[in-house]
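Everything on this sheet refers to the single structure shown next.
We number each residue from 1, following the sequence as shown.
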Amino acid sequence: MVDAADKLGYFQAITGLEDPDLCTEILQAHGWDLELAISSFTSSDPRDDVDASSSHADGGANRDRSAAVFPETANPGLDDYPSRGIVDDSELALRDDGRGGFRPPGIAWRIITLPISIVSGSLGLVSGAIGFGFWAAGGVLSYSIGMLGFGSGRGGGSESSSSSSARVVSSSAEGEAMEFVALFDRDYGRNSPFKPDFVIEGFMDALQRSRSSFKLLFVYLHSPDHPDTPAFCERTLCNETFVAFLNENFVTWGGSIRSSEGFKMSNSLKASRFPFCAVVMPAANQRIALLQQVEGPTTPEEMLAILQRVVEDSSPVLVTARVEAEERRTNLRLREEQDAAYRAALEADQARERQRQEEEERKEREAAEAERKLKEEEEAREREEREAAEREAARVRMRQEKALALGDEPEKAPDVTQVLVRFPNGERKGRRFESKTKIQTLYDYVDSLGVLETEEYSLITNFPRTVYGRDKQSMSLEEAGLHPQASLFIEIN
């Protein structure tokens with residue numbers, strides 16, 4: 001079985017990294033999975049995979065460095081930028097600061113192309129035009145639009161599928177940032193009330209935040225196992241004066257190199273010593289401009305001086321960018337107001353025309369409705385008259401049919417019942433019936449007289465009160481106790 005020392009040596013030989021502590025941390029972050037660690041290390045853009053040791057050969061404990069690489073053909077918007085900050089791709093634009101060290105020449109930078117995994121890790125896998133604003137040319141870099149294609153990247157040993165939703169990927173980067181801030185507060189925030197205001201979001205979101213707020217982005221890559229990390233965090237990052245200046249002038253993003261995004265950013269920025277800090281601003285097409293980086297332990301005074309110099313050098317750029325952005329917003333607002341005034345006038349004209357048309361249509365509808373109602377009333381009146389005539393004819397036929405069904409009135413006899421019917425209007429009608437005659441026949445007799453306008457009534461006696469309703473129609477007069485004579489009243493139901 002291959003031991004840790006063999007894996008460490010093999011990893012150094014493959015990647016070209018000479019710092020054994022950094023190589024050990026990378027292998028530990030990937031569970032000593034040699035293949036996975038090498039794959040993650042080489043997953044960034046091949047154009048940036050140069051030997052880290054050759055880029056950071058300086059062995060000093062405290063140092064700062066600013067590289068300026070931006071070919072003039074890369075973006076025509078940089079033609080007017082002072083040539084002192086634009087050097088060849090192989091040259092570091094460092095000037096003697098009079099103290100035996102080197103000072104960056106104003107706003108000078110090295111353009112770094114971020115791996116697609118960093119971009120997709122914060123913004124999701126997208127296709128189409130994504131704008132990454134950047135400042136240039138006479139103090140302002142113009143806004144540019146980069147075309148991002150679909151891509152995938154490694155994060156902590158797991159491969160993100162191109163079909164994963166952008167929301168899930170973005171939440172992963174935000175979750176890593178949240179975890180880093182929580183661990184930083186736990187380890188260093190308890191002992192000091194002052195700490196950097198780390199944004200809880202992915203790197204690309206933090207970069208976008210810095211662009212929209214016209215500030216530079218301060219990047220801190222945290223190596224939790226490095227021996228210089230605790231002292232740097234406690235004495236420098238949590239220093240009151242340094243924190244006040246940092247929070248006021250920068251957007252601050254931090255990430256652990258043990259996290260997916262933090263590890264990939266350490267590769268992109270070629271971090272070979274820790275603690276590692278950098279100052280960047282957005283460029284175009286998945287790229288960032290590296291303005292300053294500081295590697296190794298640094299005092300708060302040194303860090304403050306470095307950042308003050310960066311802010312001083314970049315101030316004209318940011319101020320001009322802010323002024324031009326305000327001018328663009330003002331012009332846009334004026335155009336919007338003019339467009340709004342035009343739309344309002346157009347809408348007023350259209351509203352008047354619609355009102356005129358609606359008024360004409362309303363009058364036409366009212367005339368048509370009045371004509372329709374008149375026609376309906378005439379039809380209803382004719383229909384009612386016709387139905388009334390039909391009902392009256394039906395009642396006449398019914399009376400005639402029931403009168404014929406009664407037959408001749410029987411003569412007086414012991415088995416003949418005398419019936420007297422009193423109507424609600426006071427009218428009385430009498431007739432003789434056979435004692436075996438059904439009560440139904442009495443109802444037919446009343447109907448045949450045509451005195452009542454309704455068929456909903458009942459025959460009753462008062463002493464004692466008895467109702468001979470429809471339920472008793474099958475009884476004979478004798479069975480109902482109406483023989484030999486009966487006096488019945490009509491009660492309308």
>> Run the side-chain contact (heavy atoms from CB on, under 4.5 Å) test on Phe250 and Leu217 for me, step by step, so that the C-alpha distance in whole Å, both residues' side-chain angles and the decisive distance to 0.1 Å come before the verdict.
In response: CA-CA 6 Å; Phe250 293 85; Leu217 178 63; over 6 Å; no
> Stepwise, does the salt bridge (Lys or Arg N to Asp or Glu O under 4.0 Å) test hold for Arg372 with Glu376?
Replying inline: CA-CA 6 Å; Arg372 183 186 62 81; Glu376 288 181 351; 2.4 Å; yes
>> side-chain contact (heavy atoms from CB on, under 4.5 Å), that's the test. Do Leu183 and Arg186 meet it? Break it down for me.
In response: CA-CA 5 Å; Leu183 293 177; Arg186 183 198 66 184; 3.6 Å; yes
>> Assess the residue pair Met204 and Gln208 against the criterion (side-chain contact (heavy atoms from CB on, under 4.5 Å)); give the C-alpha distance rounded to whole Å, side-chain angles, the decisive distance to 0.1 Å, and a yes or no.
In response: CA-CA 6 Å; Met204 292 303 296; Gln208 173 66 16; over 6 Å; no
> When you look at Ile288 and Phe203, which way does the side-chain contact (heavy atoms from CB on, under 4.5 Å) test go after all the steps?
Replying inline: CA-CA 11 Å; Ile288 58 175; Phe203 176 81; 4.1 Å; yes
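Within the 4.5 Å cutoff, no side-chain heavy atoms of Leu22 are placed close to those of Phe276. Phe242 is listed as a side-chain neighbour of Leu237, based on a closest heavy-atom distance under 4.5 Å. In this structure, the side chains of Asn249 and Leu307 stay at 4.5 Å or more apart for every pair of heavy atoms. Side chains of Tyr188 and Glu234 form a contact here, defined as non-hydrogen atoms less than 4.5 Å apart. The side-chain heavy atoms of Met303 and Cys277, taken from C-beta on, include a pair separated by under 4.5 Å. At least one side-chain heavy atom of Arg258 sits less than 4.5 Å from a side-chain heavy atom of Gln28. Under the 4.5 Å side-chain criterion, counting only non-hydrogen atoms from C-beta, Arg391 is in contact with Glu387. At least one side-chain heavy atom of Ile257 sits less than 4.5 Å from a side-chain heavy atom of Phe274.
Ionic pairing of Arg309 and Glu312 is not present here: no N-O contact between side-chain nitrogen and carboxylate oxygen is shorter than 4.0 angstrom. With respect to the salt-bridge test (charged N to carboxylate O, under 4.0 angstrom), the residues Arg356 and Glu360 qualify. Taking a cutoff of 4.0 Å between a charged side-chain nitrogen and a carboxylate oxygen, Glu366 and Arg362 qualify as a salt bridge.
Ala206 and Val199 get closest at one heavy-atom pair: CB-CG2, 3.6 Å. Residues Arg211 and Pro282 come closest through the heavy atom pair CB-CG, 3.8 Å. Closest approach of Phe198 to Gly254, counting heavy atoms only: CD2-N, 3.5 Å. Shown here for Ala278 and Leu269, the closest heavy-atom pair between the two residues is CB-CD1, 4.3 Å. The two residues Glu261 and Gly202 make their nearest non-hydrogen contact at OE1-CA, 3.6 Å. Nearest heavy atom pair, residue His30 against residue Leu36, reads CD2-CG, 3.7 Å.
Not a single donor-acceptor pair under 3.5 Å links the side chain of Lys375 to the backbone N or O of Ala370. Checking side-chain atoms of Asn247 against main-chain N and O of Asp197 turns up a donor-acceptor pair under 3.5 Å. Within the 3.5 Å criterion, the main-chain N or O of Cys233 finds no donor-acceptor partner in the side chain of Thr236. The closest donor-acceptor contact from the side chain of Gln292 to the backbone of Val310 lies at 3.5 Å or more, if one exists at all. In this structure, the side chain of Glu295 engages the main chain of Ser272 through a donor-acceptor pair within 3.5 Å. Remark: side-chain polar atoms of Lys195 are not paired, donor with acceptor, to backbone N or O of Asp185 under 3.5 angstrom. Thr298 places a side-chain N or O within donor-acceptor distance of the main-chain N or O of Gly296, the cut-off being under 3.5 Å.
Under the side chain to side chain contact (heavy atoms under 4.5 Å, CB included) rule, Leu291 has a single partner from Leu216, Val317, Val280, which is Leu216.
For Glu377, there are no side chain to side chain donor-acceptor pair (under 3.5 Å) partners two or more places apart in sequence or in a different chain. Not a single side chain to side chain donor-acceptor pair (under 3.5 Å) links Glu384 to another residue, sequence neighbours left out. Listed by chain and residue number, His226, Pro275, Pro297 satisfy the side-chain contact (heavy atoms from CB on, under 4.5 Å) test with Asp228 (two or more places apart in sequence, or in another chain). Contacts of Leu304 classified as side-chain contact (heavy atoms from CB on, under 4.5 Å), with partners at least two apart in sequence or in another chain: Thr241, Phe245, Gln308. Listed by chain and number, the residues in a side-chain contact (heavy atoms from CB on, under 4.5 Å) with Glu337 are Arg333, Leu334 (sequence neighbours excluded). Residues passing the side-chain contact (heavy atoms from CB on, under 4.5 Å) test with Glu326 are Arg329, Thr330, sequence neighbours excluded.
Summarising the geometry, atom OG belonging to Ser212 is positioned 7.0 Å from atom CZ belonging to Arg209; distances are rounded to the nearest 0.5 Å. Once rounded to the nearest 0.5 Å, the distance linking CZ of Phe218 with OG1 of Thr252 reads 6.5 Å. Here the straight-line distance linking atom CD of Gln355 with atom CD of Glu353 works out to 10.5 Å at 0.5 Å rounding. Rounded to the nearest 0.5 angstrom, Leu374 CG and Glu378 CD are separated by 4.5 Å. Separating the OG atom in Ser256 from the NE2 atom in His222 is a distance of 6.0 Å, to the nearest 0.5 Å. A distance of 10.5 Å separates CH2 of Trp253 from CD of Glu201, quoted to the nearest 0.5 Å.
At a cut-off of 3.5 Å, with distance as the only test, a side-chain donor of Asn493 or Ser458 sits close to an acceptor on the other residue. A donor-acceptor pair shorter than 3.5 Å can be found between the side chains of Ser223 and Glu25.
In this pair, Tyr220 and Phe180 present their aromatic rings tilted. The plane angle is within the 30 to 60° band.
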